[in-house]
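Accompanying notes for the structure given below.
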Amino acid sequence: MAATPTVPEVVLPSSTGQRKMPVMGLGTAPEATSKVTTKDAVLEAIKQGYRHFDAAAAYGVEKSVGEAIAEALKLGLISSRDELFVTSKLWVTDNHPELIVPALQKSLRTLQLENLDLILIHWPITTKPGEVKYPIEVSEIVEFDMKGVWTSLEECQKLGLTKAIGASNFSIKKLEKLLSFATIPPAVNQVEVNLGWQQEKLRAFCKEKGIVVTAFSPLRKGASRGANLVMDNDILKELADAHGKTIAQICLRWLYEQGLTFVVKSYDKERMNQNLQIFDWSLTEDDYKKISEIHQERLIKGPTKPLLDDLWDEE
């Protein structure tokens, strides 16, 4: 097995103490088909050199992630919790100004942590408080008080409950609105970015505003959603063969060269290791030309049933 590479880091400008985030994180959204538990996957990832873990209240994995961190400390795999970068996300049921602080405190208790490195608004949607249901029933949706919610998140950062605050699934229009009143700007916007949905406009906007983009679904998984425009792509098969790499490595290298951070979901030991092997080679100009020809289509259309017309603001 190749030596453990050190994952490069980016500074989150609006974070407390200029917190650094490793560019690659392990995603922990549950997968029905996975035979490996989240706890074991996180432990294995720590052994392999992963230091950034992406969770969410809605995934139901915070307890497992917390147990893995406690175990890693006990085993001496890490000497301090601060060696890890831990992200979680607040679900739409908690997107109410008065529920943000208690919801984050609940996540911290579940994770057995004193603070998070990053907390995100999972979706720019609010529903009536209650249990996590997926997909979200449109009848449950109430008005999203973005300013009230953001002010409460800023309070979380001031209280030391999190080092940084951010958004997820925000369009340019929604980020513009957020930036118009934020006293602590979002450190991160976590959105779908992959070779089949390259998000050039949104990425350019975030770069200009100093917002770090984290890509989810970087390999565009989801066999249940039909053919995979990325993993089954002939152009990418050709590039992978030319470089002697896997298609996943080509995808992740592209994201890295774009200056993006990304969370990749694999609980498979071998693939976890392969995904780390992307920092010591480069794509060519010719590769970029071919990559620009890939058909573009959003994979994750939204969390509601039916879909909302204005979720992405036609971007």
Side-chain angles (χ1 to χ4, degrees), residues 9-16 18-25 27 29 52-58 85-92 94-95 100 104 116-126 144 146-147 149-154 156-157 162-194 197-218 220 254-256 258-265 296 298-303 308 310-315:
E9 297 176 317
V10 292
V11 172
L12 301 181
S14 63
S15 63
T16 305
Q18 297 290 288
R19 187 72 170 126
K20 288 182 177 151
M21 175 166 91
V23 298
M24 185 188 299
H52 169 184
F53 296 92
D54 182 83
F85 189 100
V86 184
T87 301
S88 199
K89 312 179 193 83
L90 296 169
W91 190 238
V92 296
D94 289 322
N95 272 345
I100 296 286
L104 176 49
L116 281 178
D117 296 286
L118 177 64
I119 186 77
L120 304 175
I121 298 174
H122 207 146
W123 291 93
I125 295 169
T126 301
F144 174 41
M146 192 192 288
K147 189 173 184 180
V149 164
W150 193 255
T151 304
S152 295
L153 274 174
E154 291 178 336
C156 290
Q157 186 167 332
T162 184
K163 301 270 172 69
I165 53 179
S168 183
N169 299 298
F170 271 52
S171 63
I172 293 173
K173 187 178 169 183
K174 289 184 175 75
L175 286 173
E176 282 179 325
K177 183 179 173 179
L178 176 53
L179 290 168
S180 72
F181 52 71
T183 59
I184 302 175
V188 166
N189 186 26
Q190 185 178 125
V191 290
E192 177 191 344
V193 188
N194 51 60
W197 188 244
Q198 295 176 19
Q199 294 266 43
E200 282 176 24
K201 280 195 181 125
L202 179 63
R203 289 194 284 124
F205 176 85
C206 288
K207 191 175 179 181
E208 182 200 325
K209 301 293 180 191
I211 300 168
V212 170
V213 172
T214 299
F216 70 74
S217 300
R220 201 183 176 91
W254 179 83
L255 290 164
Y256 177 59
Q258 301 305 302
L260 300 180
T261 63
F262 38 95
V263 292
V264 61
K265 172 71 203 287
Q296 297 294 297
R298 192 189 292 278
L299 174 71
I300 309 295
K301 310 263 194 298
L308 299 176
D310 60 350
L311 180 60
W312 308 110
D313 302 306
E314 289 170 19
E315 290 172 17

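The analysis underlying the following values was restricted to heavy atoms, covering all of them including side chains, and did not include hydrogens, waters or symmetry mates. For the single chain, residues carry numbers from 1 onward in sequence order.
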**Residue pair Leu12, Val212: steps toward the side-chain contact (heavy atoms from CB on, under 4.5 Å) verdict** = CA-CA 7 Å; Leu12 301 181; Val212 170; 3.8 Å; yes
**Asked** Just by modelled atom types, is the Val86 backbone N or O under 3.5 Å from a matching donor or acceptor in the Asp117 side chain?
**Response**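 At least one qualifying donor-acceptor pair exists.
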**Asked** Can you check whether Ile184's main-chain N or O pairs, donor with acceptor, with Ser14's side chain at less than 3.5 Å?
**Response**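 Pair absent, no side-chain N/O of Ser14 close to backbone of Ile184.
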Min side-chain heavy-atom separation [X]-[Y] under 4.5 Å:
X      : Y      : result
Phe170 : Ile211 : no
Trp312 : Asn169 : yes
Trp197 : Leu299 : no
Leu90  : Ile100 : yes

**Item:** Nearest heavy-atom neighbours spanning Ala215 and Leu255
**Value:**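 Scanning both residues, the minimum pair turns out to be CB-CD2, 4.1 Å.
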**Request:** Check side chain to side chain donor-acceptor pair (under 3.5 Å) between Gln258 and all other residues, then give those that pass, not counting sequence neighbours.
**Result:**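 Gln258 satisfies side chain to side chain donor-acceptor pair (under 3.5 Å) with Arg203, Tyr288 only.
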**Request:** Would you sort out whether Val193 and Phe262 count as a side-chain contact (heavy atoms from CB on, under 4.5 Å), showing the intermediate values?
**Result:** CA-CA 9 Å; Val193 188; Phe262 38 95; over 6 Å; no
**Asked** What salt bridge (charged side-chain N to carboxylate O under 4.0 Å, His left out) pairs are there with at least one residue in residues 163-178, not counting sequence neighbours?
**Response**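 Listed by first then second residue: Lys174-Asp313.
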**Request:** May I ask you to decide whether Lys89 forms a salt bridge with Asp54, counting only side-chain N to carboxylate O separations under 4.0 Å?
**Result:**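 Yes, charged N to carboxylate O under 4.0 Å.
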**Message:** What verdict does the side-chain contact (heavy atoms from CB on, under 4.5 Å) test give for Trp123 and Leu311, after you've listed the backbone C-alpha separation in whole Å, the side-chain angles of each residue and the deciding distance to 0.1 Å?
**Reply:** CA-CA 9 Å; Trp123 291 93; Leu311 180 60; 3.9 Å; yes
